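We name chains A, B, ... by the order of the sequence lines, and we start the count at 1 in each one. Note that the coordinates shown come from a computational prediction; the quantities given were computed from them, not determined experimentally.
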Amino acid sequence: MLNLRLLLFSVAFLSPILQIKGDDFKEEMFIKPLPPSHLYVYFQFLTLANGEESFEHSHLAPRSLGEIVSRYQVEELHLTLTEGQWKHNTWGYPVLDAAPGAELYAWFAPDVVDVDTQWKKLSSTLSGLFCASLNFIENMNTVSPKMALWPTGAYSKSHQNITSQLRYASLPREIVCTENLTPWKKLLPCESSHGFSSLLNSRMIHNTNYHSIGVHIRRMCSGSNCLDTSLEIKQTVALVYDFKILNTMDWSLRKLFGQGLPGACPLSSSSRIYVDITSNSSYPFKLLPEPNSIMFSHRGGSKTELAVYEINHSNMMNIGAKYEMRNKIFVNIPPPLTFNRYVLGYGKEFGGIVTELSNNYWAPIDVVLLENAPWWLPIQLSTLRINGEAESKLIMSQYYSPGRSRQKPYHLELLLKLPPKSTTTVTIDFEFVFLKWQEYPPDANHGFYVGSALLSANLPTAKNYTSLPITGSTFDSIVNASKPWYPIVFRTNGGMVSLPTPDFSMPYNVICLACTVVALAFGPLNNICTKEVVLKIIVVPVSLRQKIFNIFKKKKD
Amino acid sequence: MSKQDSKSIADEANRMWASASFVGVLIVIGLPLWWKTTEVYRVALPYDEINAFNTESHHITTDITVLANDELTAATIAELLKKEFEQYDVIKLNIKQQILSEDLQQTLDAVAEEQEALEEVAATFDTSLHNAFYVVQRKQLFQDVWVGTERVAFFRDTKAAPTLIEALKSWIYEPSVLHGARSETADAARQVRFPSGEGFHVVLSVVHPKPQAMKVDFDAAEAVEDYIGSFVDELTDLHNFTLKSQWLHLLEFNFQTNEVPEASLWGRHFPARYERLPLLLTRLEERAATHVSDRPALNLALYVAPCDVAPLAMYDADNNRVMSAVQAFMSPKWGGVVLGNPTKEECEQKLYTPDVKLIMGTFISQLRKLLGITDKELIHLAHLEPLRSVVPRRWELDSLLRIRTLEQVTSAERSLKSLAKLLGEISNIVINDEVGASINQAVASIHSARRLMTEGELLAAHHHAQQAFLAADSAFMEPSLLALLYFPDDQKYAIYIPLFLPVMFPVILSLKNLLLWLRGKPLHKEKTD
């Protein structure tokens, strides 16, 4: 009954703007309190570009992205720019996880032969488009994951994961700020003047614990038989607010973004705000104004309640929550799969990376762990230990590709079956490497970032799971979307190692010292070889004192 | 005593040899080695050829055939033409004269329409050749001279000669524009048209500031393909074109304008003042996303005026209203903007249907100028057939080919000359093998283009000129030129001076002794002690 009402409701609210070329734009916002101390806000802007293979004529979709996709023959592309670290243990799972810094992966069309060149060109072009240092993506920090990543769109005809066309790179050192957000906003049809994107002013959103902006492009089937595909461009923003920074638990759009919502984007066919009110039972709060409807979802054994706001085109509005009870003790129940990663070792010779994977669920979970170590951090397969054992039954499949100095990173992929209610520790050792003096980054003593490991899992339960099903684009697709398993790709926290760092003024000192020594040595050497020492009889002139002495002597005599 | 003497002489010889070997190692071997290792890498370049380029000396030879009913008319016209065009060094006419055959004369006199007469001429003479033009006598003309879309001009008789020459000068050959293409400073036409290039993107942006208030029924993709597509298809000899279109919604722009009442359906208009228009271009440029293209983009923008400021009317610099059917303006080397004004009725119905033919026609006329086709001025007693389709006239294409060939050859020469001058002034510019190869290629292409221009092979000359232009441009813009530019000399000396200065002093001082010894003079004056 409720669902039916909802359906009618959405039909009634369908945008009066006629879509000229079948392009479709939707904006959605998902707010989930992460009790006791944080609030998760996720925006997604969906642009569906119909037909057009070559992308020469665009309507709502950004022409710049379309041109890049068609010029480099990209089938699917994911780019995220993230500042901060998502805490899976306490915050649960995000809709889309992202590695700290910049992360880019893309599948190229099967007929692209020279993938590496196209990849380099693609990253350089995106670097210019988003003002990010993606131009530092080169062969030496790019891998082709074999098991960890799967395309999410209607990729080619055979639905195969052609990993030779896939490239993945992350730049953990990249710092994300306003200069990335501004070009990102320009890709939206409403830019930042109307709709949800007008909330994204950088003063407020960079004042968060975690923020991540992303662009995800994939091909979607446009008919039921999937003969034609259309391009889906999804732009996302994920923010985690800290109630301590906000100074209060009561949140509202005005508090979070510095202003109310000035209505929907006039070009969007649907503009909705979803508020996850599942935590209302333990941490009661009251939403103001009242939501338009409430959606109940039973998905994989977990119940979710979503309050839905339909935003229409012109009203200024503010949505807020008021908490009724304060200072309640909160018991954190960790999600089914949690993980942690840290660097081992002391001294400047050997070290190790430890990845701890905890399965808190009562059934085994299959995961793929991808360790991607830069060339200056050589990890050796022989030192791989699972729970301290070299030969472990937990490894179901493994792939290892050793790195090459200055050319290729080390790449290890493990397919593990995590036993129920247990923690699995994966340890691998590395050696420290001396770099050439020009290869050190500025401020080398700060340390070297090691990128996140990818952890791809098929979760048997949807507890804490907020991602959309693979076939869905909008949030209403999560309602009752029970599946045998729930695929998700996590990024562990990154690490930091301090490589042996020389004193950088040393070369100049050495040159100056060596030159001085050579010059000092050369002088006598030259003299000895070319000059003759001649003895000379010296007639000592009588000094004044001597003269006086002599006078005295004479007088005495 | 003599034994001791001979020993000291031998010692002295040894010492001198040691000194000589120090000199040998440090000055004869060391210095050239240091010179060689710190030298900036430069491929040998044809500096002589580059410096010998004279950009003002290029000219194009072109064929013109005078077809008259009798020998005398043909000779008179040819003579007058020759005399008139002798003053221009940029274009050389290769004048031929011929008598029209009896049959053709009769047919030309018989047909009523000029268009039919054209076909008759085309049946006998080959008018499809680039760089060939026919001046044909036709007695049944209402005007002195008639020029159509083909490479043919009709004239009535000898009395029409001044008008004919005027038409040839200001419509067909345009020696002043050609001169402008060759000269150092840009003339009016060169200031408007895009710099030469291998290809262009033509991007039509439909700007719709208030999509919530009104719907626009306009198929941008179809309009671009239909109109602009058939126009640029004719220009494929010159450039490659890619056609694109996009919609820019919610692009807010404040014209800062007040309502002016007038007697029309709207009862008002809003002035779009001259000084506000560049700001509109800035707003467009922000959103138009032309920077992702790999080629220069010609921007065409249809700005749909929102109903609350409709209709917009353009005002010129002197604040006078520009009266025209289409409100449009052009920005040189950038593109054109058409202001689309919905009618009052359309605003009430919230549906605006732009007049595609009118708007695209305006864009085409802007494109013609941006790509280098000049406007043709009216000439008294001469008739220029107006354009009936988007396709440019045949002789306009030839004219464009001539302009672009001259422009590209001279531009390539100027680039190379500047590069050669720069290399002389700044010593640490690297010229690697690739840059060297493209400079050599540019020089070779310039020579062949020059030869082909003199021979009158217009298409081939343009092809070589374009190659030269692109090669010279890529050599001049190559980032590897700057590889060593930021390694200052004082840094180099900071490293070498502590070593070379203390070492060189004794060695150079010992040179004196060495020279004296070599000349057999005594080193020490015997001291009397």
Checklist entry - Rounded to the nearest 0.5 Å, what separation is found between the SG atom of Cys190(A) and the CD atom of Gln212(B)? => result 8.5 Å
Checklist entry - In terms of heavy-atom proximity below 4.5 Å to chain A, should Ala20(B) be classed as side chain, backbone, both, or neither? => result neither
Checklist entry - Looking at the rings of His59(A) and His208(B), which for Trp means the six-membered one, are their centres under 6.0 Å apart? => result no
Checklist entry - Taking the six-membered ring for Trp, are the ring centroids of Phe522(A) and Phe505(B) within less than 6.0 Å of each other? => result no
Checklist entry - If every non-hydrogen atom of Asn526(A) is compared with every non-hydrogen atom of Val507(B), which pair is closest and at what distance? => result ND2-N, 4.3 Å
Checklist entry - Below 4.0 angstrom, N of the basic side chain to O of the carboxylate: do Lys186(A) and Glu286(B) qualify? => result no
Checklist entry - What part of Ser21(B) gets closer than 4.5 Å to chain A, counting heavy atoms only: side chain, backbone, both or neither? => result neither
Item to check | Region of Val203(B) in contact with chain A, defined by heavy-atom distances below 4.5 Å | outcome: side chain
Checklist entry - Given a strict heavy-atom distance threshold of 4.5 Å, which part of Leu26(B) is in contact with chain A: side chain, backbone, both, or neither? => result side chain
Next on the checklist: Taking NZ in Lys210(B) as the centre, count heavy atoms belonging to other residues, nucleotides or ligands within less than 6.0 Å. Is the count above 12?
Outcome noted: no
Checklist entry - Once you round to the nearest 0.5 Å, how far does CH2 of Trp247(B) lie from CG of Leu267(A)? => result 10.5 Å
Checklist entry - Is it the backbone or the side chain of Ser510(B) that comes under 4.5 Å from a heavy atom of chain A, or both, or neither? => result neither
Checklist entry - If you draw a 6.0 Å radius around CH2 in Trp17(B), do more than 12 non-hydrogen atoms from other residues or ligands fall strictly inside? => result no
Checklist entry - Rounded to the nearest 0.5 Å, how far does OG1 of Thr125(A) lie from NE2 of His291(B)? => result 10.5 Å
Item to check | Heavy-atom side-chain contact between Pro266(A) and Leu250(B) under 4.5 Å | outcome: yes
Next on the checklist: Can a donor-acceptor pair be found, under 3.5 Å and without considering hydrogens, that links the side chain of Arg63(A) to the backbone of Ala288(B)?
Outcome noted: yes
Next on the checklist: If I measure from the heavy atoms of chain A, does Asp11(B) come under 4.5 Å with its side chain, its backbone, both, or neither?
Outcome noted: neither
Checklist entry - Are more than 12 heavy atoms from other residues, nucleotides or ligands located less than 6.0 Å from atom CD of Glu434(B)? => result no
Checklist entry - Within a reach of under 6.0 Å around CZ of Phe255(B), are more than 12 heavy atoms found that belong to other residues, nucleotides or ligands? => result yes
Item to check | Stepwise side chain to side chain donor-acceptor pair (under 3.5 Å) test for Glu225(B) and His57(A) | outcome: CA-CA 10 Å; Glu225(B) 298 286 350; His57(A) 306 285; 3.0 Å; yes
Next on the checklist: So, taking the atom named OG1 in Thr530(A) and the one named CD in Glu12(B), what distance separates them when rounded to the nearest 0.5 Å?
Outcome noted: 11.5 Å
Checklist entry - Got more than 12 heavy atoms from elsewhere within 6.0 Å of CD, Glu198(B)? => result no
Checklist entry - Atom OG in Ser193(A), atom NE2 in His249(B): separation rounded to 0.5 Å? => result 11.5 Å
Item to check | Heavy-atom side-chain proximity of Glu191(A) to Leu251(B) below 4.5 angstrom | outcome: no
Checklist entry - Quick one: NE2 on His201(B) to CD on Glu67(A), what's the gap to the nearest 0.5 Å? => result 5.5 Å
